[in-house]
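Written out below as structure tokens is the structure these notes cover.
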There are 4 protein chains.
Amino acid sequence: MPHESPGSPPSDPPGPDASRRSDRARRAILSATRDLVAEVGYTRLTIEGIAAAAGVGKQTIYRWWRSKAAVLFDAILEVNSHEQGSVDLPDTGDLESDLRLVLRGTVAALAEPANDRLQRAIAAEIQTDISVAEELVRRLLRPQLDACAARITLGIRAGQVDESVDADLAVELLFGPIFHRWLLRTGRLDDQFADNILALVLKGLRPH
Amino acid sequence: MPHESPGSPPSDPPGPDASRRSDRARRAILSATRDLVAEVGYTRLTIEGIAAAAGVGKQTIYRWWRSKAAVLFDAILEVNSHEQGSVDLPDTGDLESDLRLVLRGTVAALAEPANDRLQRAIAAEIQTDISVAEELVRRLLRPQLDACAARITLGIRAGQVDESVDADLAVELLFGPIFHRWLLRTGRLDDQFADNILALVLKGLRPH
Amino acid sequence: MPHESPGSPPSDPPGPDASRRSDRARRAILSATRDLVAEVGYTRLTIEGIAAAAGVGKQTIYRWWRSKAAVLFDAILEVNSHEQGSVDLPDTGDLESDLRLVLRGTVAALAEPANDRLQRAIAAEIQTDISVAEELVRRLLRPQLDACAARITLGIRAGQVDESVDADLAVELLFGPIFHRWLLRTGRLDDQFADNILALVLKGLRPH
Amino acid sequence: MPHESPGSPPSDPPGPDASRRSDRARRAILSATRDLVAEVGYTRLTIEGIAAAAGVGKQTIYRWWRSKAAVLFDAILEVNSHEQGSVDLPDTGDLESDLRLVLRGTVAALAEPANDRLQRAIAAEIQTDISVAEELVRRLLRPQLDACAARITLGIRAGQVDESVDADLAVELLFGPIFHRWLLRTGRLDDQFADNILALVLKGLRPH
DNA sequence: AGTTAAACGAGACGGTACGTCACGTCTTTCC
DNA sequence: GGAAAGACGTGACGTACCGTCTCGTTTAACT
């Protein structure tokens, strides 16, 4: 695990006594990290730079995080944490419009220039550091995919989707092309693209 | 463009005189790069390390490549170059089995541990360096996607696919989920997964 | 000034905090410098070599010295520092034998092979770097010349030297030929030469 | 010997065929060397820089000179060569004014800013490279000193100088202090200084 | 006049050292 | 007694030149 997550039991790695931790320093570090990665990109993001920008000693960073990636990860989580509890999709009864909302939201989040660098930084780190990947999947991606799959399962029960369909697979058909475009930069991300994917996938989901 | 591609006009950037270039050095560098990235990973791959392993001066690398990523890119291209001319898919008449061949091949290529680090290294670099992305898309990804789309278009003419379908979009539905799993490490890559995707997508492509 | 001398006010350039300076590193650097310059000569003396021989990071050298010459300078000063307070000449009453002692000592110091390279290195650097010259003159040469002039002045008061004589000029007549031979390698340096100079100069100094 | 002097027998080292040597290249190299050393100083003078400024290949320099110092040496000699045949001093009958002419000339030559860097470069090189020193002494310094000694010898015969005086030593008393000041930068060089030295030395030379 | 061999310009090559940056650790000094 | 400040040993960066080594292209001496 790349970092000391707030809710984790303090036992696993011995580590320093988290109760003495300065929250002021912690917030300054994560905030400075977000600012810097947006400004100079992940490659030129440095621990020394974060420490200087946060007005913090380097040791304070090393005391609480294992690596640059771990800091970055927490910096992102702190921003996206609102999604953690509320990963349920709306259920208006209209499956297509519910999914459209999610896909368009995803496209918008990825296209948003402010977040772009932050999220690409994590994406790059995932290629190198498997523990970052596991953490990200467990705490961000999996909940989102599961929530979407749950909505599709509701569609099955409502008879809008063929009962033979694997909801988890369907979800990957929806998100896969979007991340494919974003991660490999094979094309533009916009609502039109999201809608086209959704339409084509839904054709394959419908009963009969 | 991160490198001096064979067919490019010699005018664009002045650059060094490529006719004097030592092919011995070039091959030693690309070979050492492949060996090292497989051995220590991309993050710990260094120009100095490549130069030492290749028995070459650092300047010889900097003379011909803009960055570590550009070297790595050529190192990959040299291996994958066989795919360049032959990006046509088989046309046995059976669209499903033709596509299955491609998808399984893609899955196998990504899962192959020897290539894994090499390809992830480029994937990571794409997040940072847009010119690497453009080059990769132009010379590797786009040809593959286009070839696949061409096969689907044949399927449309043969009446196996609904004529309203956008072949390019369909291709992204096929490859998107695979790369999504691989890049974000959200799940295992195997033939079963490829087959499931193919089956579900084809349901959406069929006439009616 | 090429270096942070012990007694200098800490104000001039802000620089690093000298109070945190590692004395162990400082001594290792100066000692390694002396060893290396004696071994390989000044031209082949490198910062990297010093750092390696001293078991020190290059940055530690660059943090405290402006250049290779500045390090070398301190390396010499540390050895010659004993002369700083005690630049007074003996006053036996016999001017000639007192001066002979000094001149023979100078000749011996320059001829001594161990010091030769060290001192020539500084001499060479003086041709290039004026600040090194100023420092050397101020801290080593000027005190020596002044002390010698003071002894001659005593000789004037004692009636051994004509009172019209400029003591400072007389000193340059004594040392000039010695350094001329040494620096331009126009001839051998030995006691005989020192004695001959002294005899001839004294002829010009005597009353009437 | 650091260079292929014009009059030397072409046998000693086989070397290249001097008859084919391009005089255009030779002059361009020496001229560029003088310009560059005056512009950037000896330390930053590079073979590559000379070659580029002279419009010449590096190999052409290495073919004819052993080192940077050898090039510089010839560059200086080419300028000072006029003094080679005419190292005789004037003999007006007045020893003091004849010597004054020489000393003031020496002071002026050293103080001249245009030559300063060129001559200091050689002076610095002498500290490192003994063969450069020998060449310089043999071809420039020794002839000058000898010519001056010859003039003093004439003074001895004319009864202006005590016959017990060693003319060679006397010459070193005259030039030593000047070069001492110049090489170690211990004081200003001007006519006043030259005159003062001369006066004091002559006091020691006079009969009785 | 034609041949041929060397010098020439150009510059790529394997190297060494440069001076800088950031790493992660360790130590000192405050609050 | 945790945190700021920052010096330390380490190692890679990208650059500048080194001296050697081909490349074609003059150029000048000998057929």
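Sequence lines set the chain letters: A, B, ... in the order given, protein chains first and strands last, and positions in each chain run from 1. Since the structure is predicted, the reported quantities are computational estimates derived from the model, not experimental observations.
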Base, sugar-phosphate, or nothing: which does B:Arg26 touch, judged by heavy atoms less than 4.0 Å apart?
nothing

Name the residue closer to the 5' end of DNA chain F, choosing between C:Arg63 and B:Arg20 according to the nucleotide with the nearest heavy atom.
C:Arg63

Can you give me the bend angle of the helix from E:dA1-F:dT31 to E:dC31-F:dG1? Use the axis through the first five pairs and the one through the last five, nearest 10 degrees.
20°

Between OH of D:Tyr62 and C1' of E:dA10 the distance, given in whole Å, is 15 Å

Looking at B:Glu39, is its backbone amide N or carbonyl O close enough to the side chain of B:Arg117 to form a donor-acceptor pair, meaning the two atoms are under 3.5 Å apart?
yes

Looking at F:dG19, does its base get a donor-acceptor pair with the side chain of D:Lys58 below 3.5 Å?
yes

Roughly, in whole Å, what's the span from CH2 in C:Trp65 to C1' in F:dA7?
13 Å

By nearest nucleotide on DNA chain E, pick out whichever of B:Gly57 and D:Thr60 is the more 5' one.
D:Thr60

Rounded distance in Å - CG (A:Asp23) to C1' (F:dG2):
15 Å

When only distance counts, do a donor and an acceptor, one from the side chain of D:Gln59 and one from the base of F:dC21, lie under 3.5 Å apart?
yes

Output the single nucleotide from F:dG19, E:dC18, E:dC23 whose closest atom is nearest the side chain of C:Ile47.
E:dC18

Please confirm whether the shortest side-chain N or O distance from C:Arg24 to OP1 or OP2 of E:dT27 is below 4.0 Å.
no

Over how many whole Å does the gap from D:Arg66 atom CZ to F:dG19 atom P extend?
11 Å

CZ of B:Arg63: more than 12 outside heavy atoms within 6.0 angstrom?
yes

D:Trp64 six-ring face occupied by D:Arg26 cation (under 6.0 Å, within 45°):
no

Ignoring backbone atoms, establish whether C:Ser19 has a side-chain N or O less than 4.0 Å from OP1 or OP2 of E:dT28.
no

Nearest-0.5 Å distance, CG of residue B:Leu118 to CZ of residue B:Arg34:
8.0 Å

OP1, OP2 of F:dA12 versus side-chain N and O of B:Thr46: anything below 4.0 Å?
no

Rounded to whole Å, how long is the line connecting atom CG of B:Leu45 with atom P of F:dC13?
8 Å

Whole angstrom value for the distance that separates P of E:dG14 from CD1 of B:Ile50:
14 Å

Between E:dC18, F:dA4, E:dC23, spot the one nearest the side chain of A:Glu48, thanks.
E:dC23

From NZ of C:Lys68 over to P of E:dG19, roughly how many Å is that when rounded to an integer?
9 Å

Please round to the nearest 0.5 Å and tell me the distance separating atom OG1 of D:Thr33 and atom CG of D:Asp74.
9.5 Å

Within the distance-only criterion (no hydrogens, no angle test), does the side chain of B:Ser31 pair as donor or acceptor with the backbone N or O of B:Arg27 below 3.5 angstrom?
no

At under 4.0 Å between heavy atoms, what does C:Arg44 touch on the DNA or RNA strands: base, sugar-phosphate, or nothing?
nothing

Need one value for B:Gly55: base, sugar-phosphate or nothing, where a base atom within 4.0 Å counts as base even if backbone is also close, heavy atoms only.
sugar-phosphate

A:Trp64 side-chain N/O to F:dG2 phosphate OP1/OP2 under 4.0 Å
no

Options F:dA4, F:dA7, F:dG9, nucleotide nearest the side-chain atoms of C:Asp17
F:dA7

Side chains of A:Glu125 and A:Tyr42: do they bring a donor and an acceptor to under 3.5 Å?
yes

Which donor-acceptor pairs under 3.5 Å do side chains of residues 47-61 of chain C form with protein atoms, sequence neighbours excluded?
from	atom 1	to	atom 2	distance (Å)
C:Glu48	OE2	C:Lys58	NZ	2.9

